[in-house]
Amino acid sequence: MADARFLYEDHELTFPVVEGTESDAAVDISALRGKTGLVTLDRGFANTAEGQSAITYINGEEGILRYRGYPIEQLAEKSSFLEVAYLLQYGELPTKAELDEYEESITRHTLLREDVKHLFEAFPHTAHPMQILASATSALATYYPDALDPMDRESVDLGSRRLIAKTPTMVAWSYKYRVHQPYVYPDNNLDYASNFLRMMFSVPAEEYLADRVIAQALNMLLILHADHGQNCSSSAVRLVGSGHANLFSSIAAGIHALSGPLHGGANQAVLEMLHQIVKSGDDLDTVIKRAKDKEDPFRLMGFGHRVYKNFDPRARIIKKAAEEVLTSLGVDDPLLDLAMQLEEVALSDDYFVERKLYPNVDFYSGIIYRAMGFPTDMFTVLFALGRLPGWIAQWRELLGDPAAKIFRPRQLYSGADTRDYVAIDDR
Ligand code: ACO
């Protein structure tokens with residue numbers, strides 16, 4: 001591919017164009033500052049690739065998402081979450097023997113140290129589970145000094161497996177603490193999703209059998225969330241990892257990044273928005289008018305995406321699944337009808353059409369989670385559980401890349417010019 005040529009002042013500069021697969025290409029401007037003294041200004045990194053990644057391919061114009069080359073639609077229909085976790089981390093689908101070994105090792109690490117219980121109990125019962133999960137994930141680093149060396153493949157592998165195994169237990173326990181119920185220990189005879197559902201919803205006084213429809217839907221939802229390239233939380237994980245912080249600390253940073261309503265927190269925000277619409281009695285035209293009004297901070301939550309300027313393929317799968325799961329569970333949720341009407345009204349409005357604002361992954365996921373029995377503030381935690389293998393894969397990819405550097409963006413300084421210190425009495 002030809003070099004890119006830029007004209008700056010009176011001379012022409014050339015920069016190599018690096019080719020990816022799938023006709024992706026990037027101008028390598030590594031030498032820009034050295035040649036010109038200039039840096040680039042790119043708010044929100046909308047045009048910037050920090051490095052190369054072989055994990056996930058996204059084509060936002062055509063609504064394509066693939067993990068390691070496999071279309072998300074095929075994985076959502078045919079795979080299991082642990083198989084996808086393996087694929088993301090090791091690059092290939094596992095053989096039967098590899099998957100058996102992987103599942104067995106995840107199963108063996110599901111328990112938490114008993115002392116970790118006290119950590120949960122240090123939080124108020126009202127604490128948001130995302131904050132508890134981030135703190136507990138961070139705390140794991142203190143329990144596993146044998147899995148902290150970011151440059152040691154074996155210890156990283158062990159840490160990764162421990163995280164994938166223990167996170168469902170941490171999530172479920174944060175919920176049990178909140179609702180003043182006894183913690184439920186993992187049952188290693190169950191698959192990943194059923195075990196998690198049991199730890200969440202069973203009580204010692206009664207026998208519990210995870211509903212098959214719910215377990216399958218959860219497996220599919222976790223797969224759909226498993227990776228999404230260099231999004232806000234994955235970039236946070238990579239950034240922290242770039243300083244060679246350990247895996248647990250880096251993942252805790254990702255959980256914090258995901259908690260915001262512009263990112264993973266949007267699934268909770270969608271449900272709150274739908275409730276609010278019902279409560280206010282506003283008709284949908286009023287809601288849409290408010291979303292378009294720049295003076296009003298209200299935005300249509302679950303709509304719009306930095307990368308998808310067509311539909312979000314995950315939203316399409318989830319919308320269909322939401323209808324199927326609700327029908328199968330016999331749930332008639334007026335919020336699903338409201339969400340579908342809202343989508344229809346928005347997608348026929350010029351404002352949304354011109355800006356290419358479509359429903360994203362969060363628009364319908366909350367409706368399914370609600371039908372499955374999850375309280376609203378657990379939705380973002382479920383997103384974190386799903387995204388975990390992606391975060392780990394992104395972190396491992398960066399740490400294993402000999403060309404990787406510590407992330408250290410430049411800035412365009414726009415503060416005061418140099419000035420002399422003024423003694424406090426003279427100000
Ligand atoms: N409702 C109303 N207007 C919107 C919305 C929305 N949900 N999203 C974007 N817009 C408008 C913006 O006001 C802007 O309008 P303008 O050009 O007239 O100024 C235009 O569309 C472009 O939007 P930006 O905010 O510049 O787009 P950006 O790529 O920075 O933001 C984001 C993407 C954060 C997802 C945004 O669409 C948004 O806030 N959506 C609602 C929150 C949400 O659903 N987040 C989940 C994203 S998916 C995920 O993280 C898993």
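As the structure is a computational prediction, the values presented were derived from the model and not from experiment. We count ligands from 1, going down the list as the structure has it; atoms in each ligand are counted the same way.
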Heavy atom of His228, distance to ligand 1 below 4.0 Å: no
Top protein contact for atom 13 (O) of ligand 1, by heavy-atom distance: Lys294 NZ, 2.8 Å
Euclidean distance, Met151 CE relative to His244 NE2, rounded to 0.5 Å: 4.5 Å
Ala291, Gly260, Cys232, Ala269: member with heavy atom nearest to atom 2 (C) of ligand 1: Ala291
Short N or O distance, Leu300 and ligand 1, threshold 3.5 Å exclusive: yes
Under-4.0 Å heavy-atom contact between protein and atom 27 (O) of ligand 1: no
Heavy atom of the protein closest to atom 35 (C) of ligand 1 (residue, atom name, distance): Gly304 O, 3.6 Å
Atoms of ligand 1, numbered as shown, that sit under 4.0 Å from any heavy atom of Arg306: 28 (P), 29 (O), 30 (O), 33 (C)
Heavy-atom gap Gly44 to ligand 1 smaller than 4.0 Å: no
Note: Arg178-Asp377 ion pair, threshold 4.0 Å (strictly below): yes
Test of ring centre spacing under 6.0 Å for Phe248 and Trp395: no
Nearest-contact summary for atom 41 (C) of ligand 1 - protein heavy atom, Å: Phe303 O, 3.4 Å
Heteroatom distance test (His263, ligand 1): nitrogen or oxygen, under 3.5 angstrom: yes
Atoms of ligand 1, numbered as shown, that sit under 4.0 Å from any heavy atom of Asp362: 46 (C), 48 (S), 49 (C), 51 (C)
Geometric class of the His125/Tyr177 ring pair [parallel <30°, tilted 30-60°, perpendicular >60°]: parallel
Closest protein heavy atom (residue, atom, distance) for atom 39 (O) of ligand 1: Arg299 NH1, 2.6 Å
Nearest-0.5 Å distance that lies between atom CG in Leu190 and atom CZ in Arg198: 6.5 Å
Where at least one partner belongs to residues 320-332, residue pairs that pass salt bridge (charged side-chain N to carboxylate O under 4.0 Å, His left out), sequence neighbours excluded: Lys320-Glu324
Derivation and outcome, ring pair (Phe, Tyr, Trp, His ring centres under 6.0 Å), residues Phe201 and Phe374: CA-CA 9 Å; Phe201 296 120; Phe374 289 101; 5.1 Å; yes
Distance filter under 4.0 Å to Gly302 heavy atoms, resulting ligand 1 atoms: 43 (C), 44 (O)
Residue and atom name of the nearest protein heavy atom (relative to atom 9 (C) of ligand 1), distance in Å to one decimal: Leu357 CD2, 3.4 Å
Member of Phe379, Trp391, Phe383 meeting the ring-ring contact (aromatic ring centres under 6.0 Å, His included) criterion with His225: Phe383
Any N/O pair Val361/ligand 1 closer than 3.5 Å: no
Atom 22 (C) of ligand 1 protein-contacted, heavy-atom criterion under 4.0 angstrom: no
Protein heavy atom at shortest distance from atom 42 (C) of ligand 1: Met301 CE, 3.5 Å
Ligand-side contact atoms (ligand 1) for residue partner Phe383, heavy atom cut-off under 4.0 Å: 51 (C)
Contact (N/O only, under 3.5 Å) between Asn360 and ligand 1: yes
Selection residues 284-328 - residue pairs positive for ring-ring contact (aromatic ring centres under 6.0 Å, His included), sequence neighbours left out: His228-His305, His228-Tyr308, Phe303-Phe352, Phe303-Phe363, His305-Tyr308
Pairwise side-chain contact, Met170 with Phe120, heavy-atom cut-off 4.5 Å (strictly under): yes
Proximity flag Tyr351 to ligand 1, non-hydrogen atoms under 4.0 Å: yes
Pairing of Lys117 and Glu121 as salt bridge, 4.0 angstrom limit: no
Check ion pair Glu397-Arg238 (N to O, under 4.0 angstrom): yes
Proximal ligand 1 atoms for Leu262, defined as those under 4.0 Å from one of its heavy atoms: 39 (O), 45 (N), 46 (C), 47 (C), 50 (O)
For Ala266, the ligand 1 atoms whose distance to one of its heavy atoms is below 4.0 Å: 43 (C), 44 (O), 45 (N), 46 (C)
Residues Arg387 and Asp227 bridged, charged N to O under 4.0 Å: no
Salt-bridge present (Arg161, Asp157; N to O < 4.0 Å): yes
Nearest protein heavy atom with distance in Å, relative to atom 20 (C) of ligand 1: Arg355 CD, 3.7 Å
Any protein heavy atom < 4.0 Å from atom 48 (S) of ligand 1: yes
